[in-house]
Amino acid sequence: MLRTHTCGELRAAQIGLEVTLCGWVDSYRDHGGGLFIDLRDRYGKTQVVFSPESGAAVQEAARGLRNEDVIKVRGQVSARPAGTVNPKLITGEIEIRCVELEILNKCKTPPFLPTQQDMPGEDLRLKHRYLDLRRPAMQETLMLRSRIIKMMRDYFEEQQFIDVETPILGRSTPEGARDYLVPSRVHHGHFYALPQSPQLYKQILMMAGYDRYVQVARCFRDEDLRADRQPEFTQLDVEMAFVDKDDVIGIIDGLVQRTAKELKGLDVQLPLPQMTYDEAMERFGHDAPDLRFGMELVDATDLAAEAEFRVFKAVAEAGNRVRGINAKGAADKYSRRLIDELTEFVSNDFGAKGLAWFKCEADGKLASPIAKNFTEELLAKFKDRFEAEPGDLILIVADKFSVTCKALYALRKRLAAELKLYDPKQMHFSWIVEFPMFDHDEETDRWVAMHHPFTAPRPQDLEHLESDPGKCRAVAYDLVINGSEAGGGTMRIHDNKVQQQVFGLLGMTPEDAKERFGFLLDALQYGAPPHGGIALGIDRWVMLFGGLDNIRDCIAFPKTQRAADLMTDAPGNVDRKQLDELAIKILRPEELKK
RNA sequence: GGGGCCGUAGCUCAAUUGGUUAGAGUCCCGGACUGUCGAUCCGGAGGUUGCGGGUUCGAUCCCCGUCGGCCUCGCCA
C-alpha cells in the first residue's frame, strides 16, 4: 500500500502519528510562508501543511502543485492551532505537517474542476468522465448503487435464491422493443440479439427446478432514450416456482421495507398498498401514478351532457369523457397567459383539442370564458363535483378516454411540481395490479401483449380469452415509487395450450410460434411448474433513493440521448476486414432508401 | 420521424431595438503575503460568438441548413 490512511479517516485521536496519504489536490492556498493543500480521495479531505519546517525542497515542490495533481505525502498528524479548526471537514480538527512529497501524476490544466460550483455542460462531463466521476456527488451515487445491489443480493440469498447467469448472446424475438443485433462470423447472415431481459431463460430455469432465481442482469433495448431510460440498463431479475402473485409481491415488499429503512430510515408499513390498473387509470390517468399527493382526476361526463356547451355535449354524447382536475388554491397563480401555456402543453404533446377551465371566485361562483354556456344550476353541480372552494382552479379535458388520461396525467404531474404539492424527499411505494392482457394496436388492427406474451391471464378471465381479449386481465403487478415504474412482473403461463392460444391471439401462426418459441413450448410439456417473477429497475431505484432526476447520473458510463458514449466515441467505425469476416456490406444512404 | 430549449474565453455566464474595441467571475501564467480553508491583494495572457450559407451599410442578435447536448411526443413486449 502506498498509503497508511485515507483522506477521510484521521481524527484528533491520531495526533502525533506519522502517516502517509495519497490523493488528488482538491485546492491549494499559498501564503508565501506557509502553504495549505486539501488532499481528496473518495473517503474525504484532509488538510496538508507545508511550512519552513517541511524543508526548502519540499516547500518548493509544493508551490508547484495545482488542482487534480495526484500526490503522496508523508508527515505527522497534528492538532490545528486554536481558532483554525475547520468544522466543515470531518478531519477538520487535524492537519498533516508534510515532510515528504511525491508527485505521482501531474495533472494538465483540466477542462473543468470536479470541485467547481457551476456544473459544467453534460457533454463535457461525459467526454471527461474520469473527472466527472471524481465529483463527490457522483461518488456518493455510485457508492449508493453499490450498497443497494449488495442489499438486494444479501436479501435474496437469505431467502434461498440462487444467482444464475444467463447468456448475453441470444436469439432475436422481434416482439416488443427493438433488439441490438450482433452478427455471427460463423453463420453468415445470422445474428445474435442482446437480451431485452433474461425472461425466457429464467422461466426455463424454473422448469429446470431452480425454484428461486435471482440475477443482476444487464438488459438492452434499442429504443429512443429519455431522462429515465438508457439503451442498456440493469435489472434485478427474480423468478420463483410454486408460488402465486402474493408470494412474489410479499418478497419484494420485504425488500422495499428493508431498503427504505436502511437507506432512508423510513418505516414502511406492509403490505404495500395495491390498486388495480383500471382504478389507477380512472383516478390518475396513468398506470404508475404519483401517490405522494392528491389532485385526482374527476369525471364530469354526465354533467357535460347537460350543458349547452357544444364541445362538452358532443364529447359526452359520443361516449367519450369529460374529466378534469381541481388545482386547489391555484386560481391566482395561473393567469390567462399561463393557462394558455398549459393549453398548449396538453394539445401539443398529448393530443387534447383544448383545455377548459373555471376559477372559483371569492363569492363561490365558477368563472370562465365558457361559463355563459352553463346554467347557474349546472355550474353549481360542477363546483360540487370538483369540490371547488374559492381560489381553486379547475382544468377540464373533453376527449377520448385515452386522451383525457394522457393530458390530465401530464397536467397533474406538472401542476404538482409547480405548486409544490409534495416534499421531494418523501417516498411512496405501491403496487398496480391486474393489468389488461392485451392492448389493441390501431395501426395494424391486432392485439399486442401489454406486458409480454408469457403473461398468465387471471383464471377467471380464461373463458373470454378468445371471445373478448380486451376484457382479459393478467396476473401482473408493477411496483411504483413516486410515480415511477420501479419494477414489474407477472405470473407466467405454465400450460402449453394456453401459451399457444395466446401466441395465436397475438397473430402468430402455429408455425411462427414453433419457429420462435419452440423451445419454450417444448419445455412446457416436460414438467413445468407454476411460476412467476419480477424485474426491478436498479438504475431507477438508485435514482429514486438518491433523489436524482436523471438516470445518467446513476450510471458510471452512460450514453447520450443519441445513444453515444462521448468518452470512447462508441459506436465507431470498424475495419473493412472485420466486416468482410461477417459478410456485411454497409449501404450508402441513397441505396438504403430503396 | 415530430415539437421545444441551448451552444459566446479552458469552465460558468453577460452583452440594450441589429451598431462602433464582445465583458465578468473562475481557471491559467507572473508577483506579493506566516494560519488559510470559496484565502486575499497586484499584474498578465486568453475569443473562427459550434460549423456553413443568406439578409443587411453593419449579425453574438434576424432567416435557412448542418453538427452537438438536453427535455419531450411517437417508440420503450
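The structure presented is a predicted model; accordingly, all values stated were derived computationally and were not measured. Chain letters run A, B, ... following the sequence lines, proteins first, then strands; residues in each count from 1.
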Taking the nucleotide of RNA chain B with the nearest heavy atom to each, does A/D224 or A/N348 sit closer to the 5' end? A/N348

Partner nucleotide of B/rC76 by Watson-Crick or wobble geometry (both distances under 3.5 Å): none

Could you give the distance separating B/rA9 and B/rG52 at their C1' atoms, to the nearest angstrom? 23 Å

Could you work out the separation of B/rC63 and B/rU17 based on their P atoms and round it to a whole Å? 16 Å

If we take the C1' atom in both B/rU26 and B/rA14, what is their distance in whole Å? 14 Å

Crowded around A/D468 CG? As in, over 12 foreign heavy atoms under 6.0 Å? yes

Would you say a side-chain N or O of A/S27 is under 4.0 Å from OP1 or OP2 of B/rC37? no

Determine which nucleotide pairs with B/rG19, using a 3.5 Å limit on both distances of a Watson-Crick or G-U wobble pair. B/rC57

Looking for any heavy atom pair under 4.0 Å, which part of the strands does A/T84 touch: base, sugar-phosphate only, or nothing? base

B/rC75 OP1/OP2 closer than 4.0 Å to side-chain N/O of A/R221: no

Can you run down the side chain to side chain donor-acceptor pair (under 3.5 Å) pairs that involve residues 476-485 of chain A, sequence neighbours left out, and say none if there aren't any? none

Once base and sugar-phosphate atoms are separated, protein heavy atoms under 4.0 Å mark nucleotides 4-14 of chain B, 5' to 3', with B, S and - as ------SSS--

Using the six-membered ring for Trp and the full ring for Phe, Tyr or His, decide whether A/H31 stacks on the six-membered base ring of B/rG35 (centres under 5.5 Å, planes under 30°). no

Is atom NZ of A/K559 surrounded by more than 12 heavy atoms (other residues, nucleotides or ligands) closer than 6.0 Å? yes

Between the base of B/rC67 and the side chain of A/R562, is there a donor and acceptor pair under 3.5 angstrom? no

